Engineer: 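Encoded as structure tokens, here's the structure I'll be asking about.
This is a predicted model, so every value here is computed, not measured. Each chain gets a letter, A, B and so on, in the order the sequences are listed, and its residues count up from 1.
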Amino acid sequence: MSTPGQVDVALPDGQHLWVPAGTAAGEILRRWNPKDAGKYLAATVDGRPTDLERPVDRPSKLAPLTFEDRAGRDIVQHSAAHLVAKALTEVVPGARPTHGPPTDEGFYYDFDVRPLTSEDLDRIRSSVRMSVEAREPFHRKDVSRAEAESMFASNPHKLRYLAAAKPGESVSVYYTGDRFVDLCRGPHVPDTGWLEGTYILGHSAVISETSPGTPTLQRVRGVAFPTRHQLDEYLKLRKEAEARDHRILGPRLGLFAFLEEIPGFPVWLPNGMIVVHELEQFAREGLQRDGYVEVRTPLMFPQTVFEESGHWEHYRENMFVSTIEGRTFGWKPMNCPGAMLIFRSRARSYRELPLRLAEFAPLHRLEASGTLHGLTRVRELVQDDAHLFVAEEDVVPEMRKLLEWVREAYAIFRLEYTYELSTRPTGSLGDEEGWERAESTLEMLLKESGVPYRVSPGEGAFYAPKIDIHVRDSLGRPWQTGTIQLDSQMPRRFRLEYQGADGQMHTPIVIHRTILGTWERFFGVFLEHCAGCLPPWLAPVQVRIFPVTEAQAAAAQGYAHELSREGLRTEVSDTSETLPKRIRSAEIERIPYMVVIGEKEVADGSVSVRTRGEKGARSRSRAEFAAHATERVRTRAFEP
RNA sequence: GCCACUGUAGCUCAGUCGGCAGAGCGGCUGAUUCGUAAUCAGCAGGUCGGGGGUUCAAGUCCCUCCAGUGGCUCCA
């Protein structure tokens, strides 16, 4: 029943409230659900986020936003960014805020300001704390463009944003307390009391997105929660994640090392080589199954080959280059040129297709020094790489097989991944039509796979669009691992051809693909994922046997030989340390199976098996344990 | 490559105002023969990241180079 001056508001549970036009959204929500109203930090009106204080003046659908909603969480982050901007402009007078969006992790705010010091940050932190305690309100004010221009006359960045806004678009500013005002669309939380759990993660310089002439900006990064308690929980999780850092775990477990003399070139230690060999074995089983052959081509090629492939023009700044006897060679950053030369080395028939050439060769990429990062960003790497030379009609079935391979492989490592479709970059090889066809094929396959994906326009390789696989490290930073690229440019540049059933010559399509990506990056991320507890099939030592006293040493050695014959990597720990000490060391070394042999076990032919991470032990027959362990290894089980 | 920060024993860290370089773990040696996350004792181990400067005197202050960390840019 409509009364003049009243509007109909539809709420999420289907209820309708008739309220006087102009009632604040927050007030309506409080009336609707007084019990939970304290959790509401903003609202959506017809799906659009808005402040609680904004009046509802026409019939609408109204819903609350809490910190649990992604949109609500983003509002908290963005409000905290304003709070940091307020604090920073107080601490460093003359600082010019630019923009401060929420991110997947938290928020940042970029400032046009002198480089910040740690003292600045301390003062910003205490200013933030004071604002939170004072519960300063956020207030919106709609202004005319001219008003906004005069308010921000001293800040060229804000003026630029204003100039970029569409002519008809309304402009709003937000006050934080009564002294700080920022150009912003909003919405915001009602007051700074909502930002109790605001934490500054760090600061850094960022290269301005606009013209190269503009000075570097200073970015302050942070994360915000409505309560101190939620922040403490987050910091606890973060600390645990830091303890899983592969750069700490790897050297500690004897897997790999980083040496000051050879930055960017990781060293695989004996334990790490066992892992690399297991990963290669795993990859080779797939090659065998899907009809690949393995090849090996040189680590360097003359400049002319890279000119032919296009690397010299498009990738040279990332290549190591050597001059030998006056001839210039490039250290290969990818395996594709070698694969192209093999295909071209003799006449090819359609009967040979798809020709699938795999190559696990070391590659060199001259990554900028500031980007090196443990195993996940290195200058020498090995990919589980292959190039598939296929006829046009075989592209889709081959691609389907690859996506299925990815699904199976990542399931074994229990890694969650997303796909990214990267399309034609500027300055790429070839014609637009070929790219578009390849891109739409890839997108069709991605939709079919059901795995979440996003599109990154212009991020493709210089020769092909690609599907990249992304996984996250323990701190949530995304890394690209595998990649599948659909390339019709490079075969053309190398003038590849095969004779078809029709007697005509045809140019094949090349699929460049890696499944796990590189051993280095993949293993770095995986080590963090499993927190150093490698699955039994990857563990450098799978079984360690502990005689309780010297009297059982011979029995322990005998059983160790037995297990070794079964293919289990087994060793005996018979040092003069106490059993608890030896067990502790094995736990720290993350050895999956610990087998204790004492007087009792020698007497009855049993073993006492302790599984990594589990308290206590269970008695098994020797044959029983051997069968269990070999089965777990054979099936590549994730846990012992 | 850019900005900020960090660098003391193999590892984690202490080292005050510029005044003799330390601890725990790990390593080695010896004793101990032990039942599922640390037995005891002794010993060795340092160009305080490298180089330069200031000073009677530098781990400590200044400059510079190297490496690392967090971001940016770039990319598996």
Engineer: Is A/R477 near enough to B/G70 that one of its side-chain N or O atoms lies under 4.0 angstrom from OP1 or OP2?
Structural biologist: yes

Engineer: Over how many whole Å does the gap from A/F360 atom CZ to B/A76 atom P extend?
Structural biologist: 18 Å

Engineer: Provide the distance between the two P atoms, one in B/C62 and one in B/U16, to the nearest whole Å.
Structural biologist: 15 Å

Engineer: Test for a donor-acceptor pair under 3.5 Å between the base of B/G1 and the side chain of A/E317, counting only N and O atoms.
Structural biologist: no

Engineer: Can you say whether a donor on the side chain of A/R377 sits under 3.5 Å from an acceptor on the base of B/C74, or the other way round?
Structural biologist: yes

Engineer: Can you tell me which stems RNA chain B forms when a stem means 3 or more consecutive Watson-Crick or G-U pairs under 3.5 Å?
Structural biologist: B:1-7 with B:66-72, B:10-13 with B:22-25, B:27-31 with B:39-43, B:49-53 with B:61-65

Engineer: Looking across every strand, which nucleic acid part, if any, lies under 4.0 Å from A/E261 by heavy atom: base, sugar-phosphate, or nothing?
Structural biologist: nothing

Engineer: Would you say the side chains of A/W435 and A/T423 form a donor-acceptor pair under 3.5 Å?
Structural biologist: no

Engineer: State whether A/R610 places a side-chain N or O below 4.0 Å from either non-bridging phosphate oxygen (OP1 or OP2) of B/A37.
Structural biologist: yes

Engineer: Should the side chain of A/E587 and the base of B/A38 be counted as holding a donor-acceptor pair, with the cut-off at 3.5 Å?
Structural biologist: no

Engineer: Do side-chain atoms of A/Y593 reach the backbone of A/P640 as a donor and acceptor pair under 3.5 angstrom?
Structural biologist: yes

Engineer: Counting only heavy atoms and a strict 4.0 angstrom limit, can you tell me which residues of residues 515-524 of chain A come near RNA chain B?
Structural biologist: A/T518, A/R521

